[in-house]
Amino acid sequence: MGENSDFEFSDIEIGEEQHKKIVADVLSLSKSQHVQKASRTEAALQISEFNLVKSVTDRKPSVHVDDLAKVLKTRKKHVEIGKKVESTKRRGRTLPKPLEKPQADRIKRSVGYEKNRFLLDRWEAFVTSMRSQAHQSFPLDAVEKLKVEGKKAATFLDTLTYKSKLQKELEKIDTEVEEYHVKPNTEENEVSLSLEDLKNNRKELAKLRARQSYKEGKARRQNKIKSKGYHRILRKERIKNKLKEFDELQKTNPEEALKKLGEIEKARALERFSLRHKSTGQWARSKQVRAKYDKESRQVLAEQLQISKDLTQKQTTNSDSEDEVQDIALAVTEPPEQASNTPWNIALQTKPNEVTSFYNAFSQYAVDQTVPNDPDLNITCTSMKYKEKLDKPIKKARGKKIDLTMPVQSAKQIIDEEMIEQPAQFTQNFTRSNDSISALTNILKTNTKQTKSDVIKQFTKPTVTHLNSTRPDIIVSVENVPEASQNQFISEGFEDFGIASDFMKEKKSEIEKDRPTDIDSNLPGWGSWAGSGIDPKKQKKRRRFMFKMPKTIPRRDDNKGRLIINEKAAKKVAPYLVSDIPFPFKSAKDYEASLRAPIGNSFVPELAFRRFIKPTVETKMGTIIEPVTTGILMGKPNK
Amino acid sequence: MKVKVISRSTDVFLRETKQQIHKVFRNYDPDLHPFETAREYTRALNAVKLERVFAKPFLGNLDGHRDSVSCIAKHPKQLSTIVSGAFDGEVRIWDIPRRVCLRQFVAHNGIVRGITYTPKGLKFITVGDDKTVKTWNAAEPQLGEDEEPVNTVLSKTVITAISHHRQKAIFATAGEVVQLWEESRNEPLRTYQWGVDSLHDIAFNMVEANIFAACASDRSIILYDTRDNGPLRKVVMKLRPNKMAWNPMEAFTFTCANEDYNLYTFDTRNLNKPVNVHMDHVAAVTSVEYAPTGKEFVAGSYDKTIRIFECDHGHSRDVYHTKRMQRLTCVHWSLDNKFIISGSDEMNIRIWKARASEKLGPLRPKERNALQYAEALKCKFASHPEIKRIKRHRHVPKHVYNAQRELRTIKEKEKRKEANKRAHSRKGTVPHVPERQKHIIKEVQ
């Protein structure tokens, strides 16, 4: 009883919560859970399997959402929440069981692979372009980083301004004049200068001196240059400038231009007169070398000298006959007496060399501009037409309208060739030349009254005369020959020799030679027995092992008539020829064309050559070639 | 009368001073050059002959190792420096132009399996048979200091190969498993395993630097991604791939050196068939490395030869060998595209020219033009039989020559047999299998 009472007593004493706990403990006795649930203390990649605990939640969840929702019944809002929970619980389904690990891994791998494949696909275009490029230079980002720095001192000095604007302008106009006037600051000198001012002044002066000395040095260096080429270039430049000037002058001030032209021609005439060119040409010099040993060359040289002598003599002669034929080309060469009268002769004498060279250039220029024909054509003209044409301008000159054709001539050819061939004509021409000069002087006088525009017209629009020359005659004679086929010629020419029949004979023998002979495969000596009782005459000829060749074998030149084709020759070359069309080509024709096009610099210009020989891969010596980076896809340099 | 004669004065064709260039009179009128093609052909022929005359690729060797050279690594920033490991655990650093060993020390117990420089070239990492990953300073230690690794990591598994990420401080090792390491951590970042017991080579992609691939002993090549994906795909071949190299200019191309004497170039996006099969070796190919231009690669083989292949050609462009060079263990192409470095079984490291007849050093413009012209001519007449023959002609060691003949016979025999089979069986039962598909077993997802 005591135990009972005790029990009862204890029953009373035990509270609700305690009771519940006891019940739970008793219930959980069957599910033994001796190991505590793992608690994480340190970050680890792998979770040990020994710490795994059975999940209590999946069978009999300790916490029910419903229970939580039930608590919230007190308010209206909360009731709604409870309903929502219930509805979601009704709709919600349990998640499917996760896949088997190998299967899941496979899916993960294939997804990852696809992702990476997509990444790699971005490179397709770049790789294709890299593969197809004919020329590549590595490293890829190699951009020329070299900068040509100008002379530091010069640029530094340029930044400093110590020249006035006016001075600069003046320098632009006439760059050759370089004068530096350093004014002593007299006024300022009187005033006591501060230390800074003094320093500044000194600095400026130093700069000036530096500049000056630099310029001087440059000039000195230029003067010292002995190179013929350099001076030649300078001279050419000067001539070009003068030509340009002349061109401009021709447009703006034709009178002046005319004068200048006169000057130029004068200079040339003087130059020719100086007899310096008698025996100085390359040809003459080479003759001189040979003259010692060679009679002929001596003779030729003497002849040439004679010619020059004649020339000079004839030029000095003056004839007054006006109605004779005149040659434009020689219209300008004046006798020296007249020339000396002109006022501009003085100017000419000062710089004859330069003017002559200018003249030469000019004449070339004029020829190029006006007359498409050879200069010879002008000279070898015949009389009649010319006469008319040349008469006109003189008349016109009197009637204020003068045909001022640009006197077209070339420097040497006239004297070298034409004069020799037609000395008589030449003299006639010369007699006329005076006239033209007088006409020109007339113009100079009369034209002062003339309007400018007229003169310009006359000057700028030279009438071009196409003249008959000896050359066409030759052509005509060729044309007149009756046409005949080459075969006819040959047959006519070799009529007597019987060349055709000879050739046919040769062809026959050639065919015979190429024909294969019969093959005898009998063993030597077999069947030709000897001995007593054997008659060698009676022995049969064995034909059993003879291979007969056909008598006629088709040849490539069978129906070609007079043609022998050597078929063996092709066989010899064959191993050196390409048998198949190589890869990028599709037809033999294209491939042959590519072979035919030369790439060497002895056949193609230098620039094309450079392009042809450009190597497919260029690298820089001693430079590391980095692999490409993804940046290159974005157009960034490979860094 | 003036008679024009053909005469030449010396003034016309002699130069006044030495500094002047020779006057060359040219007339490009094609009518004046009727034999231009023939002349160029002759020039091409001469050029190709000269190429063979000047083909002397061997430059020198670096000797000092006391055991076979197992691996070599190039310095990423200096062309002159390489580091090599040997089978006795010794590591040596070399100065190539002077051909001297700068440093030497024993790094591992047992074989040095792999060496790699860090991207900036300040350190290098070695792995060895003693399951350690050691990081060393690239700079020489101060006087009196010992050669000691900056860091040593003890790995739980055997490591056989190492490859460094191009930019990040990450490297991967292969062995029993593939492990991804961070330079500053002693535990691997990640460990990947895909049903293989061992892997023997690993290489990071240089362009898409997150991808790397490993050669496994189950005759497969496995692609990995350093990001969370892990292994991506595997391609199983008939025989084991020994080594692999990624093309530095093409993100998706890699080549593997195979045990079946061939090399296979793969497109990562389409692994079920190699893009190209490169034949010519007569023994297992043990190493491969791309030229930095990505146009060519070099392969070293167990047949004691080095062969240079163009990426898009099935056969080698050149073969290098010397009498004393034994089995190749590693080959490298220098980063300026000029030299090839090879390590072999007989303890020497050899330096070769990448182009056998190339003239080294600066060229004068005229010289360069002439060489380029010769090159262009060779290219133009490349398909002419005589030129082709001379260009291809090589002397190979007797054993290679004989092996080539033998292989040729074997191949012909197989071909004949297959043709016979096809001829004597019902149509379609013996299908044509292209060479490119013959050597692949399957692509595994």
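The sequence lines fix the lettering, A, B, ..., with proteins before strands; numbering per chain opens at 1.
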Any chance you could lay out the side chain to side chain contact (heavy atoms under 4.5 Å, CB included) test for A:R131 and B:E250, step after step, and finish with the verdict?
CA-CA 10 Å; A:R131 280 180 187 166; B:E250 297 173 9; 2.8 Å; yes
From CA spacing to verdict: side chain to side chain contact (heavy atoms under 4.5 Å, CB included), B:Y28, A:V604
CA-CA 6 Å; B:Y28 298 125; A:V604 295; 5.6 Å; no
Would you check, one step at a time, whether the test side chain to side chain contact (heavy atoms under 4.5 Å, CB included) holds for A:R106 with B:Q445?
CA-CA 6 Å; A:R106 195 178 303 140; B:Q445 283 196 343; 4.1 Å; yes
Might you work through the side chain to side chain contact (heavy atoms under 4.5 Å, CB included) test for B:T253 and A:V127, ending with a clear yes or no?
CA-CA 10 Å; B:T253 313; A:V127 168; 5.6 Å; no
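Here OG1 of B:T37 is found 8.0 Å from CZ of A:F603. Values are rounded to the nearest 0.5 Å. Separation of atoms CD1 (A:I625) and NZ (B:K338) is listed at 8.0 Å; rounding is to 0.5 Å. Summarising the geometry, atom CE belonging to A:M621 is positioned 9.5 Å from atom CG belonging to B:D336; distances are rounded to the nearest 0.5 Å. In this structure, A:I613 CD1 and B:L371 CG are separated by 9.5 Å, a value rounded to the nearest 0.5 Å.
Formation of a donor-acceptor pair under 3.5 Å by the B:R43 side chain with backbone atoms of A:G600 is not found in this model.
A pairwise comparison of heavy atoms in B:M249 and A:F126 identifies O-CE2, 3.7 Å as the closest pair. Taking all atoms of both residues into account, the shortest heavy-atom contact from A:L120 to B:F252 is O-CD2, 3.6 Å. Residues A:W283 and B:V3 come closest through the heavy atom pair NE1-O, 3.6 Å. Taking each heavy atom of B:E40 and A:P598 in turn, the nearest pair found is OE1-CA, 3.4 Å. Closest heavy-atom contact between A:P575 and B:P385: O-CG, 3.1 Å. Of all non-hydrogen atoms in B:R166 and A:P627, the two that sit nearest each other are NH2-O, 2.9 Å.
Neither the backbone nor the side chain of A:D105 comes within contact range of chain B, judged by heavy atoms closer than 4.5 Å. Of the two parts of A:T616, neither the backbone nor the side chain holds a non-hydrogen atom closer than 4.5 Å to a non-hydrogen atom of chain B. With a 4.5 Å cut-off on non-hydrogen atoms, A:E606 touches chain B through its backbone and its side chain both. Interface remark: A:S110 contributes backbone and side-chain atoms alike to the contact with chain B (heavy atom separation under 4.5 Å). Using a 4.5 Å cut-off between heavy atoms, B:V444 does not touch chain A at all. Neither the backbone nor the side chain of B:E375 comes within contact range of chain A, judged by heavy atoms closer than 4.5 Å. Proximity to chain B is absent for every atom of A:I581, based on heavy atoms less than 4.5 angstrom apart. With a 4.5 angstrom heavy-atom cutoff, B:P362 touches chain A via backbone and side-chain atoms both. For a residue to count as touching a neighbouring chain, one of its non-hydrogen atoms must lie under 4.5 Å from one of that chain's; by this rule B:E16 does not touch chain A. Using a 4.5 Å cut-off between heavy atoms, B:E208 touches chain A through its side chain atoms alone. The parts of B:N369 that come within reach of chain A are both its backbone and its side chain, each placing non-hydrogen atoms under 4.5 angstrom from that chain. Both the backbone and the side chain of A:D121 come within less than 4.5 Å of a heavy atom in chain B. No part of B:I387 comes within reach of chain A, as not one of its non-hydrogen atoms sits under 4.5 angstrom from that chain. Neither the backbone nor the side chain of B:T191 comes within contact range of chain A; no heavy atoms are under 4.5 Å apart. For chain A, no part of B:W246 is nearby; none of its heavy atoms comes within less than 4.5 Å. Using a 4.5 Å cut-off between heavy atoms, B:K380 contacts chain A through both its backbone and its side chain. Contacts of A:Q299 with chain B are absent, with no heavy-atom separation under 4.5 Å from either backbone or side chain. For chain B, the nearby part of A:F609 is the side chain; its heavy atoms alone come within less than 4.5 Å.
Highest contact tally toward chain A, considering only B:E36, B:M206, B:K388, is held by B:E36 [criterion: heavy-atom pairs under 4.5 Å]. Ranking A:G622, A:S602, A:P615, A:S579 against chain B, the residue ahead of the rest is A:S602, based on heavy-atom pairs under 4.5 Å. Interface summary for chain B: among A:L595, A:T623, A:V617, the most heavy-atom pairs under 4.5 angstrom belong to A:L595. Annotation: maximal heavy-atom pairing with chain B below 4.5 Å, among A:I107, A:V578, A:L577, A:T619, occurs at A:V578. Of the listed residues A:R122, A:Q136, A:R109, A:R596, the one with more heavy-atom pairs under 4.5 angstrom with chain B than any other is A:R109. For the set A:R610, A:Q282, A:K287, the entry with the most heavy-atom pairs within less than 4.5 Å of chain B is A:R610. Across B:S383, B:P292, B:A376, the residue that shares the most heavy-atom pairs under 4.5 angstrom with chain A is B:S383. Interface remark: of the candidates A:I599, A:V300, A:D580, A:I599 forms the most heavy-atom pairs closer than 4.5 Å to chain B.
A:Y576 OH: 12 or fewer foreign heavy atoms inside a 6.0 Å radius. For B:E367, the CD atom counts as densely surrounded, since its 6.0 Å shell holds more than 12 non-hydrogen atoms of other residues, nucleotides or ligands. Under a cut-off of 6.0 angstrom, the local environment of CZ in B:R317 is crowded, with over 12 non-hydrogen atoms contributed by other residues, nucleotides or ligands. At most 12 non-hydrogen atoms from other residues, nucleotides or ligands lie less than 6.0 angstrom from NZ of B:K156. In B:R26, the CZ atom is crowded: over 12 heavy atoms of neighbouring residues, nucleotides or ligands sit closer than 6.0 Å. Annotation for B:L32: atom CG counts as buried by contact number, over 12 foreign heavy atoms lying within 6.0 Å.
With sequence neighbours excluded, the residues that form a salt bridge (Lys or Arg N to Asp or Glu O under 4.0 Å) with B:R389 are B:E386.
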Review item, side-chain donor-acceptor pairs of residues 111-118 of chain A, under 3.5 Å, at least two apart:
{"unit_1": "A:Y113", "atom_1": "OH", "unit_2": "B:T268", "atom_2": "O", "d": "2.6"}
{"unit_1": "A:Y113", "atom_1": "OH", "unit_2": "B:R269", "atom_2": "O", "d": "3.4"}
{"unit_1": "A:N116", "atom_1": "OD1", "unit_2": "B:R227", "atom_2": "NH2", "d": "3.0"}
{"unit_1": "A:N116", "atom_1": "ND2", "unit_2": "A:G112", "atom_2": "O", "d": "3.1"}
{"unit_1": "A:N116", "atom_1": "ND2", "unit_2": "B:D225", "atom_2": "OD2", "d": "3.0"}
{"unit_1": "A:R117", "atom_1": "NH1", "unit_2": "B:R269", "atom_2": "O", "d": "2.9"}

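Taking the charged nitrogens against the carboxylate oxygens, B:K77 and A:E626 do have a contact shorter than 4.0 Å, which makes a salt bridge.
Between B:H384 and A:Y591, the ring-plane angle classifies as tilted under the 30° and 60° cut-offs.
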